Amino acid sequence: MSNPMRPPRTPRPSACPCPRTTIRSGTARSALPAVALTGALLLAGCSGTADTEPPGSTSAKMNPSAAATPTWAPVTGSPQVIPAVRSFRRADGRGWRPSSGARVVVPAGAKSNVADESQRLAKELGGMTVVYGNQTVQPGDIEVKLSGKNGAGQADNVPVQSTADEAYTLTASGTRLTLTAPTDAGIFYGTRTVKQAVRAAGGLPEGTIEDRPDRPQRGMSLDNARKPFTQDWIEARLREIADLKLNQFQLHFSDDQGFRIQSDTHPEVVSADHLTKAQVRQIIALAQSLHISVVPELDSPGHLGAVLAHHQDLLLHKASGSVVPGAIDISNPKAAPLIDSLLTEMSELFTNPKGAPAYWHLGGDEYQALMSSSPSTSYPQLARAAQQKYGSGGTVEDLTTGWLNDRQKTVQAKGKNRIEAWNDGFFASPRVSADKNRMVDYWTGKEIGKRDPAAFLREGRNVMNFNDEYLYYVLGEPNQFTYPTGQRIYQSWTPMVIRGTQPVAVPASMTGPDRIPGARFAIWCDRSQAQTPQQVAAGIRLPLAAFAQKTWDPGTPALSWTAFQALANRV
């Protein structure tokens with residue numbers, strides 16, 4: 001957080017020839033350890049003390065004298081960052097390090113959409129002056145500027161539409177560093193590279209980085225329903241994945257064990273340990289500032305135990321009369337209004353910037369009625385409802401597909417336009433097809449009747465990779481799950497490995513970023529007490545780093561796993 005307000009102190013005399021550094025308040029909560037900047041100053045031949053101004057100051061003072069050219073030991077080798085940069089053209093020179101008196105120069109101005117990225121970087125590097133407008137770029141400075149025609153006109157922190165929007169170029173030349181990108185998202189990812197490179201090697205080698213991701217959607221999914229996580233824990237993970245250049249955060253907030261967000265329309269369903277709406281808004285705001293899209297998930301028609309505990313008249317029963325825990329009876333006319341009211345309320349809570357992709361996850365997985373060998377025999381009320389709605393040939397699969405189609409209409413009416421569901425919520429129904437614009441989130445091929453991911457790609461659907469062989473961190477390791485390792489992801493997985501351990505068997509034209517837009521690493525809390533939140537954070541650290549590498553660049557990494565692990569420990 002920003003330091004308390006205090007008056008500026010009188011500078012002490014210094015023999016250091018370099019101009020002093022003014023420390024300004026940025027938008028990030030954390031900064032590099034002070035030793036990072038101190039070490040850089042010593043390498044630059046300076047050991048002066050930094051002056052401070054009150055946090056939140058918006059002015060940017062120019063140093064009255066021209067900056068002396070800093071001197072430092074050359075930065076050698078390739079840029080040391082995770083994920084690795086896609087292209088680096090080496091040049092002769094000493095590279096760039098943060099140094100005393102160095103500034104972040106923002107030609108677009110203090111009201112531009114890259115001002116917050118520049119302020120964050122300045123703070124993370126230990127404290128640098130941010131100056132705006134047409135300034136002479138001095139030795140040691142970082143210049144941050146938008147390229148192209150559209151970037152400057154975009155609203156601040158709006159999610160991008162393609163990987164081209166996330167591209168950036170970094171050039172270290174003549175003790176200066178220039179960061180350019182077409183959008184503020186690209187600028188942000190460039191600042192992540194600078195931050196990591198300083199942590200790993202003290203700076204960037206001389207030359208030019210040209211970088212962009214392979215897949216446009218790269219994220220983490222959190223089961224906050226079975227095990228509640230605090231706002232602070234969630235926000236710490238957002239900062240972690242943002243530094244790894246991941247851009248999505250899925251929040252599974254309702255399941256059999258808990259409904260973890262405040263509800264005003266149905267307060268009875270809310271678990272004691274939950275996030276308030278104010279906390280959710282703060283999480284969303286932080287995510288957006290870090291160029292992360294939030295993907296809310298309210299699962300139905302299964303995994304509704306926390307809701308149905310207070311609406312037991314809607315529980316699904318078998319023909320024998322036994323109750324099916326967590327499953328709602330979709331033939332009951334009261335079922336849809338209850339779920340739609342919750343979907344509407346939560347859709348209004350999870351807001352999106354105007355014109356940005358607005359995500360929503362419908363769930364749809366593991367509806368127990370469809371995990372029966374004969375759904376129509378075990379659940380005759382569902383079979384009757386299907387025939388009434390879709391004719392004599394209607395099936396329970398039709399009824400379930402229709403249920404999800406109707407729930408999709410509910411969230412679309414609230415502006416959601418990027419709809420997803422789990423792969424076992426899609427059926428080859430004879431009468432009803434899943435909405436054509438719904439993306440398949442493919443997690444498993446182990447359950448009865450589940451379709452190969454190739455089938456979805458061949459019928460024209462887009463498929464998000466949640467491969468449970470590699471990307472499922474399931475607390476307690478039930479049902480033969482094992483905790484994923486960073487090494488296995490790093491060495492064996494790519495976005496094309498959707499199910500099992502082999503790439504999906506379809507033509508290459510179906511495996512590009514337009515058809516397999518990316519992947520998410522999922523944390524599931526089936527045995528919620530198996531790990532503490534701190535243990536979860538430690539357990540996912542290296543797998544997330546490896547996952548970030550392979551979604552940014554699916555090719556064979558240049559570093560060995562041992563070298564990559566060592567780098568992850570530094571950055």
Side-chain angles (χ1 to χ4, degrees), residues 223-228 252-263 265-274 297-346 361-390 394-408 410-411 421-422 424-425 427 432 447-449 478-479 524-526 528:
D223 173 9
N224 196 48
R226 294 180 178 92
K227 182 180 183 69
H252 177 88
F253 62 85
S254 173
D255 210 301
D256 295 343
Q257 294 79 5
F259 191 100
R260 302 293 179 182
I261 294 178
Q262 172 190 346
S263 170
T265 61
H266 291 282
E268 74 281 359
V269 308
V270 179
S271 302
D273 196 343
H274 66 273
E297 181 190 356
L298 202 170
D299 205 343
S300 80
H303 293 283
L304 282 169
V307 171
L308 296 175
H310 304 276
H311 296 271
Q312 296 191 20
D313 57 317
L314 300 181
L315 280 164
L316 181 65
H317 290 75
K318 293 182 178 180
S320 63
S322 61
V323 172
V324 182
I328 197 167
D329 184 349
I330 59 176
S331 69
N332 190 314
K334 296 180 181 179
L338 171 64
I339 303 307
D340 282 346
S341 65
L342 287 167
L343 286 170
T344 298
E345 180 183 13
M346 295 299 139
H361 202 297
L362 297 171
D365 62 309
E366 297 182 319
Y367 187 46
Q368 293 297 311
L370 292 174
M371 298 175 74
S372 167
S373 59
S374 178
S376 60
T377 301
S378 299
Y379 303 93
Q381 76 277 35
L382 299 182
R384 287 193 299 270
Q387 292 168 6
Q388 290 170 1
K389 189 170 184 178
Y390 299 111
T395 66
V396 177
E397 287 86 352
D398 289 324
L399 191 69
T400 309
T401 300
W403 167 273
L404 284 179
N405 286 348
D406 289 343
R407 307 294 75 75
Q408 180 164 339
T410 297
V411 296
W422 299 112
D424 47 330
F427 309 99
V432 186
E447 296 183 8
I448 297 173
N479 303 321
W524 295 104
C525 302
D526 292 42
S528 61

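Every value quoted in this text rests on a predicted model; they were computed, and no experiment measured them.
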By side chain to side chain contact (heavy atoms under 4.5 Å, CB included) - contacts of Asp329 (at least two apart):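 Only Leu316, Ser331, Asn332, Gln381, Leu382 meet the side chain to side chain contact (heavy atoms under 4.5 Å, CB included) criterion with Asp329.
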By side chain to side chain contact (heavy atoms under 4.5 Å, CB included) - contacts of Thr377 (at least two apart):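 So Thr377 forms a side chain to side chain contact (heavy atoms under 4.5 Å, CB included) with Ser374.
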Check: [X] side chain, [Y] main-chain N or O, donor-acceptor pair, under 3.5 Å:
{"X": "Asp256", "Y": "Ala306", "value": "no"}
{"X": "Tyr390", "Y": "Ala385", "value": "no"}
{"X": "Asp424", "Y": "Glu366", "value": "yes"}

Set of side chain to side chain donor-acceptor pair (under 3.5 Å) partners for [X], sequence neighbours left out:
{"X": "Asp398", "answer": "Thr395"}
{"X": "His361", "answer": "Asp441"}
{"X": "Asp526", "answer": "none"}

Any pair counted as side-chain hydrogen bond (donor to acceptor under 3.5 Å, both in side chains), so long as it reaches residues 310-327, sequence neighbours left out: Glu268-His311, Ser320-Ser322
Separation between CE of Met371 and CG of Asp365, rounded to the nearest 0.5 Å: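 Result: 9.0 Å between the selected atoms.
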Separation of Leu315 CG from Leu304 CG (nearest 0.5 Å):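 Between Leu304 CG and Leu315 CG, I get 9.5 Å after rounding to 0.5 Å.
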Pairwise side-chain contact, Arg226 with His252, heavy-atom cut-off 4.5 Å (strictly under): yes
